[in-house]
Amino acid sequence: MRDVVKKFGQTTVLDGVDLTVHAGEVVVLIGPSGAGKSTLLRCINGLERINSGTITVGGQQLSYDEKSLNRVRSRIGMVFQSFNLFPHMKVIDNLTMAQTDVLGRSKQEARDRALELLERVGLADKARAYPDNLSGGQQQRVAIARALAMDPEVMLFDEPTSALDPELVGEVLQVMRTLADDGMTMVVVTHEMRFARKAADRVVLMADRGIAEAGTPEQVLEHPTSERGRAFLAELS
Ligand code: ADP
Ligand code: MG
């Protein structure tokens, strides 16, 4: 992102944000509620339209014609706080639908890929279950597998564990850790500081319409230099 400005009406939410995420990098976004973290993620995949500046994904500059949006979205997987699974479809069908409809994979190919990914998130035995019969942590792992089924180059996570009961948070973070270790490029909005500390290559602290602080987890979480950074981290501890 270069000099990205995003406004809602008269309100400026992102005021000239510069952010580069390299291939294979895990960037964790933290910061107070209302700082613009979700908006930033939504701008990256074109769910929100920026007012000025540029966003480039995998060498291609984002524009807002349908073709460009489809192209950029096909490269980006997104996981939200709410799991957003299709409740009337079995887990396996949640994972195969977009593969066949969007990527044009055969049913068999899509099933094979789905089962491989369910295995990877530890849910191979839930392929024929309906989302309602799974725990929140299991549903979120299915949502991650569903995003991965599209073979994205980048994964965006917006507070993926915030809606979960505390005892279910760990299993989702574990799947994300594995994904990070396997080299996936990830931008993760989270309040889980342990995850930030262990999995992030870089922590970016947002406040006051932009990036207040960015650096290694150690730099940002242990030795913040900005006033806003210090204040936010002091509130957490
Ligand atoms: P965060 O995810 O860091 O909590 P958000 O990106 O959700 O912050 O929101 C940043 C600011 O933009 C907030 O003041 C929020 O009220 C505002 N905002 C977010 N989405 C919209 C919208 N669709 N319309 C108007 N204002 C919005
Ligand atoms: Mg948010």
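Read the numbers this way: they start at 1 and go in the same order the structure lists the ligands and their atoms. Computed over heavy atoms, backbone and side chain alike; hydrogens, waters and symmetry mates excluded.
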* Kindly indicate whether a cation-pi arrangement holds for Arg146 with Phe86, taking the cut-offs as under 6.0 Å to the six-membered ring centre and within 45° of the axis. => yes
* Who's the nearest protein heavy-atom neighbour of atom 13 (C) of ligand 1, and how far? -> Gly34 O, 3.9 Å
* Would you check, one step at a time, whether the test salt bridge (Lys or Arg N to Asp or Glu O under 4.0 Å) holds for Arg105 with Asp151? => CA-CA 12 Å; Arg105 287 183 184 154; Asp151 294 334; 2.5 Å; yes
* the Mg ion (ligand 2) reached by Ser38 (N, O or S, under 2.8 Å) -> yes
* To do: Consider ligand 1: state whether an atom of it lies below 4.0 angstrom from any non-hydrogen atom of Gly9.
  => no
* Over-ring placement of Lys198 relative to Phe195, 6.0 Å and 45° cut-offs -> no
* To do: Calculate, to the nearest 0.5 Å, the distance between atoms CG and CG belonging to Asp112 and Leu117 respectively.
  => 11.0 Å
* **Residue and atom name of the nearest protein heavy atom (relative to atom 7 (O) of ligand 1), distance in Å to one decimal** => Ser38 CB, 3.8 Å
* Asked: How close does the nearest protein non-hydrogen atom get to atom 9 (O) of ligand 1, and which residue and atom is it?
  -> Thr39 OG1, 3.8 Å
* Applying a strict 4.0 Å limit to heavy atoms, is Gly36 in contact with ligand 1? -> yes
* Asked: Can an N or O of Phe8 be found at a distance shorter than 3.5 Å from an N or O of ligand 1?
  -> no
* For atom 15 (C) of ligand 1, decide whether some protein heavy-atom distance is shorter than 4.0 Å. => no
* Asked: In Å and rounded to the nearest 0.5 Å, what is the CD1 to CG distance from Ile44 to Leu156?
  -> 5.5 Å
* Asked: Less than 4.0 Å between atom 5 (P) of ligand 1 and some protein heavy atom, yes or no?
  -> yes
* Structure fact -> To atom 12 (O) of ligand 1, the nearest of Thr11, Val189, Val13 on a heavy-atom basis is Val13
* Asked: Are any of the side-chain nitrogens in Lys6 or Asp15 under 4.0 Å away from the carboxylate oxygens of its partner?
  -> no
* Taking only heavy atoms of Pro32, which atoms of ligand 1 are found under 4.0 Å from at least one of them? -> 3 (O)
* To do: Indicate whether the side chain of Ser162 and that of Gln81 have a donor and an acceptor atom separated by less than 3.5 Å.
  => no
* To do: Report yes or no: do Arg113 and Gln99 form a side-chain donor-acceptor pair below 3.5 Å?
  => no
